2 protein chains.
Amino acid sequence: MPQELSPTRKRIVDAATKLFYAEGIGRVSVDAVAEKAGLTKRTLYYHFKSKDDLIAAYLDGRDQPNLKQMAGWFDAAEGGPDRKVEAIFTNLARVARHPKWKGCGFLRTAAELAAMPGHPAMKVGSRHKANFEKWLAGEMSGRSILEPQTLAREIVLLMDGAFSIMLIHRNPDYIEAAGHAAAMLVRARSQDSA
Amino acid sequence: MPQELSPTRKRIVDAATKLFYAEGIGRVSVDAVAEKAGLTKRTLYYHFKSKDDLIAAYLDGRDQPNLKQMAGWFDAAEGGPDRKVEAIFTNLARVARHPKWKGCGFLRTAAELAAMPGHPAMKVGSRHKANFEKWLAGEMSGRSILEPQTLAREIVLLMDGAFSIMLIHRNPDYIEAAGHAAAMLVRARSQDSA
DNA sequence: GCTTGTATATTCACTAGTCGGTATATATTG
DNA sequence: CAATATATACCGACTAGTGAATATACAAGC
């Protein structure tokens, strides 16, 4: 599904990514994206048939890097699966302290497009979140954990809750609290603990 | 903090509430709110000094009704605190099935205003979420539960995660899953269960 | 090695409409 | 008269998207 990226197309998506994430898709004009990419709006419309398509391309471009980031934190952490899961949250809390952090681009886009459930970007976002949940369930099921799918879904709920609440309170403690709760749920389903 | 509501002011806020929740604050023009309220834009600007203020008034008007809704579901449920907490989620899953349901207005507004942390509506939203967490902690601490504040925060995380994920997948199962996880966390901290 | 043809890629200038906000005038009411 | 509340009409800036011309690259024909 990820389109082939001509150099120009990549420049446009890169510019859109910076602006859409920083300001929100609704507050960024196509003109602004074109200017940031260093080309005219007409050229942008040669490569994308509409702003909606550009939004979808923006999210599509974040799918794999995002998953790799999470998997990297998970893999790098020492200890059992509870510690590895908690490490994801700890790292999220760290990056969330940066002033440029503005939450999860997928969730914020979904919030802006809530009235348009069939929007192409919504499908991309839904697939991304499903991919993450699936990856997490796979990691859990490889580590002697009961009900790995249920657990993965609960961890996803805590993580997306942390993203959302952090946006409203701007307090990383919520991400840490989510991490502790997630680790607790992992331990509750670890067969070794019985 | 809730402003006195003249009849005209109330009509404006009612119209804004319907439109902002249905479409998102960024996609609704002040003209549209005025038309829905049955008056001119100039009159609207007589009662509100800016659109930003109107957005804040919209959220402020949802604070108490929202809390009462949650408390009503909690109080009406039979059984222990785990069942009462889970009842909130069950009721949320029910209303979320309605096609007009578009998630949590506070979270969606926060997502749209992520680049403006000092926006007046952000403060209203933050206070609302804090009120809910505080109420929940109070209910928990009155029922022989360990670490009621921590538990309340975890439940809030699961609930806001459910709101967000539901918007992206449009699948109420996530809300039910969050409810089960919340009930499990309540039981894990119930002193009676020891 | 030229020239011509063709597809790709880009630009300028523009449309028709919307945005938040306001200047000014006028009712209504005590 | 004075305060409150409403309406008409408008502003400059910005919006997504497009028409028409043009530049660039590269291949085929001679």
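Numbered from 1 within each chain, the chains take letters A, B, ... in sequence-line order. The structure displayed is predicted, hence computed values, not measured ones. Values reported hereafter were calculated over all heavy atoms of this structure, with side chains retained and with hydrogens, waters and symmetry mates removed.
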Polar atom pairs between nucleotides 17-21 of chain C and protein, under 3.5 Å, N or O only, would you list them?
residue	atom	partner	partner atom	Å
C:dC19	OP2	B:Ser29	OG	3.4
C:dG20	OP1	B:Lys51	NZ	2.7
C:dG20	OP2	B:Val30	N	3.0
C:dG20	N7	B:Lys41	NZ	3.1
C:dG21	OP2	B:Tyr45	OH	2.7
C:dG21	OP2	B:Lys51	N	3.0
C:dG21	N7	B:Lys41	NZ	2.8
C:dG21	O6	B:Lys41	NZ	2.3

Is there a side-chain contact between [X] and the phosphate of [N], meaning an N or O under 4.0 Å from OP1 or OP2?
X	N	result
A:Tyr46	C:dT10	no
A:His47	C:dT8	no
A:Thr8	C:dA9	no

Do B:Arg108 and B:Tyr21 form a cation-pi contact, if we require the NZ or CZ to be under 6.0 Å from the six-membered ring centre and within 45 degrees of the ring's axis? yes
Can A:Arg153 be said to sit on top of B:Tyr174's aromatic six-ring, NZ or CZ under 6.0 Å from centre and within 45° of the ring axis? yes
Whole-Å gap separating [atom2] ([N]) and [atom1] ([X]):
X	N	atom1	atom2	answer
A:Leu39	D:dA23	CG	P	18 Å
A:Phe48	C:dT10	CZ	P	12 Å
A:Arg9	C:dT8	CZ	C1'	15 Å

Look at atom [atom1] of [X] and say whether more than 12 heavy atoms of other residues, nucleotides or ligands are closer to it than 6.0 Å.
X	atom1	result
B:Lys102	NZ	yes
A:Lys18	NZ	no
A:Arg11	CZ	yes
B:Arg83	CZ	no

Side chain to side chain donor-acceptor pair (under 3.5 Å) involving B:Glu112 - partner list, sequence neighbours excluded: none
Listed nucleotide nearest any side-chain atom of A:Thr43, set C:dT11, D:dA5, D:dT8: C:dT11
Do the charged groups of B:Glu176 and B:Arg94 touch, with an N to O distance under 4.0 Å? no
What protein N or O atoms touch nucleotides 23-30 of chain C N or O atoms at under 3.5 angstrom, if any, and at what distances?
residue	atom	partner	partner atom	Å
C:dA23	N6	B:Arg42	NE	3.3

